[in-house]
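Notes to accompany the following structure.
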Amino acid sequence: MSDLLANLNPEQLQAVTLPPQHALILAGAGSGKTRVLTTRIAWLISTGQMGPHAVLAVTFTNKAAKEMLARLSAMLPINTRGMWIGTFHGLCNRLLRAHHKEAGLPSLFQILDSADQLSAIKRLLKNLNVDDEKFPPRELMHFINAHKDQGLRPAQAEVWDDYTRRRVELWAEYEGQCQREGVVDFAELLLRTYELLSRNEPLRRHYQERFRHILVDEFQDTNRLQYAWLKLLAGHDGTAGAPQGAAVFAVGDDDQSIYAFRGAEVGNMRDFEREFGVQNVIRLEQNYRSHGNILDAANALIKNNQGRLGKNLWTDQGAGEPIRVFEGFSDLDEARWIVDEARELIREGVSRDQIAFLYRSNAQSRVLEHELFTKGVAYKVYGGLRFFERQEIKHALAYLRLLANPDDDTAFLRVVNFPTRGIGARSLENLQEAAHRSNSPLYNAAASLTGKAGAAVGAFIRLIEELRRETENLPLPEVVEHIIERSGLRQHYLGEKEGQERLENLDELINAAASFIAEEGAMPVPDPATPDAPLPSPLASFLAHASLEAGDHQAGDGQEAVQLMTVHAAKGLEFDVVFISGLEQGLFPHENSVMEKSGEEEERRLMYVAITRARQRLYMSHAQTRMLHGQTRYCVPSAFLDELPQELLLRVNARSTPAYDNSYSRSPRAAAPVTAYESAAPAGLRVGQNVSHAKFGQGVIVATEGRGADARVQVNFGAAGMKWLALEFAKLTPL
DNA sequence: CGTAGCGATGTTTTT
DNA sequence: CATCGCTACG
């Protein structure tokens with residue numbers, strides 16, 4: 001016990017040992033938030049204030065949930081299996097499996113990931129003969145998800161024009177389709193659970209009485225629905241007769257809210273404080289990660305945001321090194337410098353995986369990768385396809401899904417002709433029409449098809465039936481192996497020239513099933529609180545696992561490598577050395593973000609997250625020109641650079657002439673492409689030229705057009721935006 | 001049914 | 001520049 005609380009600082013200790021009341025912990029980056037969260041749970045249990053089953057701890061990522069469970073097992077001699085610790089979606093899945101009847105779902109309902117959802121929507125539009133030019137599936141998907149994330153159903157949606165009215169109708173159709181097919185999307189997991197609990201009083205009371213302590217991680221990332229869900233479970237929703245609710249312990253950092261574009265509402269933190277009458281607000285401001293200069297830079301930057309809850313990170317580790325700022329002539333020049341610098345660090349003994357290259361958008365990794373590859377530095381890029389998202393894996397899973405739930409049309413269509421069995425678009429159209437007419441799943445409608453097509457589809461149905469029979473009593477990994485063989489998937493990829501890796505992945509899927517069984521699915525634990533609830537089958541659990549946890553972003557070859565990722569992906573991680581590249585107006589902050597309200601503040605928070613990833617050394621760089629969409633863009637340094645205390649920065653552009661001897665490193669002024677129009681512009685005004693304008697400030701000429709009195713130039717003024725100016729009127733001073 | 005070629009498109013993305 | 005997704009052929 002005393003161990004448990006040892007080495008906590010006063011604020012951490014205070015947070016961990018708070019009385020059972022609502023609390024808001026404002027935990028800065030690197031302030032030990034996960035530690036506080038887990039220690040709080042361990043402390044509550046070990047002091048006998050509650051049993052393990054009385055806690056509900058919720059996070060956003062599987063990684064965070066696993067981490068919490070692992071730390072908890074290390075702290076307490078208890079079996080954490082069966083505890084309600086997991087992601088929002090994982091916990092909702094669990095609840096819906098246990099009460100699927102009350103929730104109006106089949107026992108083996110399947111979960112659609114984003115890709116599945118998109119194809120379901122495309123299929124819907126096709127069936128309804130909706131022009132997908134007018135209603136782009138992606139846009140419709142966002143529309144639907146954004147509404148559901150607010151806790152809304154089609155009937156409650158606000159309709160302001162015909163277009164939206166139609167979108168809402170399509171949304172309602174989509175919901176009908178999902179219900180018929182027995183599938184739920186991510187947002188549905190939450191919304192369905194929320195509705196189940198609000199409608200079903202006994203059930204609600206049961207859970208409200210059961211959970212005495214609710215702990216939430218990354219609270220700043222909750223959306224409206226998640227917050228409503230928490231209020232309901234905590235008995236704080238105003239429903240009549242709610243038992244005395246749980247104590248909610250919310251941990252978050254408003255300065256690290258970077259998912260507003262996905263519906264996260266930082267405002268939930270303020271609302272929580274107000275609505276729950278939170279008396280205990282504790283700030284964890286001591287940072288154990290970074291040196292002082294890095295924190296000072298982060299603090300100075302984030303001060304420019306309005307309406308913060310307020311927080312200032314500090315450390316007793318000393319100021320450390322200055323922040324190194326580099327300006328490259330081009331993106332390539334920038335990449336070269338970064339990679340050279342990284343190589344130097346590696347030579348000095350810094351471990352490769354303690355070096356991170358962070359950037360705003362994925363496209364930026366290209367140049368860096370190229371450079372790393374050329375110089376032979378091992379690296380690993382995060383992002384891109386994840387294990388369970390690979391096509392061969394999704395195909396195999398689709399067969400498994402059909403075994404579990406034949407009504408799943410998404411799965412049916414995915415593999416009915418994969419590997420090919422002579423079922424063409426024509427036959428499928430007929431089949432879908434038949435299914436539509438009889439309002440039945442494709443699987444059942446197949447019997448009504450006649451002729452050659454009917455025979456082919458019939459054979460497919462028989463295959464599935466046989467697979468179901470053959471795998472009935474097999475352990476899960478063997479089921480997976482069996483369907484890979486019998487479906488013809490293995491055969492198919494054997495014959496494909498690029499198939500080797502896919503075959504390896506399929507084998508990996510068998511392994512994944514085996515370790516899934518070994519770890520969690522071996523013996524589903526009946527929940528003591530609801531012993532009568534049906535236990536999910538291993539297959540259903542595995543499929544849910546596959547949808548909810550898409551797996552690693554890249555198969556790790558285990559080699560020590562430099563880490564490349566977007567700033568978003570870096571949240572929650574830390575490295576000895578961090579390079580943030582592409583600090584240019586329009587890129588970071590991103591131009592598309594300045595359009596949205598408070599978009600700039602979110603970009604600043606993103607920058608804050610990036611800076612606070614660094615432990616010892618931080619580099620920031622930008623380039624004067626950058627290839628974007630195949631064109632050279634002239635860039636203005638990011639405004640965020642100006643917001644940093646200049647005395648913390650070390651401008652490392654010592655080389656006034658580029659050390660590199662080839663054409664890439666020339667100054668843009670010398671290298672600026674000569675366009676046909678360029679000669680038309682008055683002397684001194686050409687592409688790449690820095691200019692100053694009375695109203696818009698400093699900028700760079702990006703393009704010129706016209707001649708004489710019609711001459712216009714396009715200028716990137718950075719914060720003030722991109723402008724076309726007529727030279728006849730606008731006073732531009734060359735700098 | 002597979003693929004070559006063409007045109008549109010180009011932020012971030014825990015689940 | 002480069003990738004993706006769809007169309008038009010073989």
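Because only heavy atoms are used, hydrogens play no part in the values below, and waters and symmetry mates are left out as well, while side chains stay in. A note on names: the letters A, B, ... follow the listed sequences, proteins ahead of strands, and every chain is numbered from 1. Remember, predicted model here, so these are calculated numbers, not experimental data.
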Which of the following nucleotides, [options], is nearest to the side chain of [X]?
{"X": "A:Met627", "options": "C:dC1, B:dT13, B:dT14", "answer": "C:dC1"}
{"X": "A:Arg360", "options": "B:dT15, B:dC1, B:dT12", "answer": "B:dT12"}
{"X": "A:Thr566", "options": "B:dT14, B:dT12, B:dC1", "answer": "B:dT12"}
{"X": "A:Thr420", "options": "B:dG2, B:dT15, B:dT13", "answer": "B:dG2"}

Check each residue of residues 255-264 of chain A for a non-hydrogen atom within less than 4.0 Å of any atom in DNA chain B, then write out the ones that pass by number, or none.
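Close to the strand are A:Tyr259, A:Phe261, A:Arg262.
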For residues 422-429 of chain A, run the donor-acceptor check on the side chains, cut-off 3.5 Å, and write out each pair with its distance to 0.1 Å, sequence neighbours left out.
none

A:Asn362 side chain near B:dT12 phosphate (N/O to OP1/OP2, under 4.0 Å):
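Affirmative; the distance criterion is met.
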Can you name the side chain to side chain donor-acceptor pair (under 3.5 Å) partners of [X], sequence neighbours left out?
{"X": "A:Glu574", "answer": "A:Arg289, A:Arg615"}
{"X": "A:Gln220", "answer": "A:Glu218"}
{"X": "A:Trp171", "answer": "A:Glu175"}

How are the rings of A:Phe516 and A:His545 set relative to one another: parallel (under 30°), tilted (30 to 60°) or perpendicular (over 60°)?
tilted
Nucleotide-resolved protein contact map, nucleotides 2-10 of chain C, B/S/- at heavy-atom distance under 4.0 Å:
SS-------
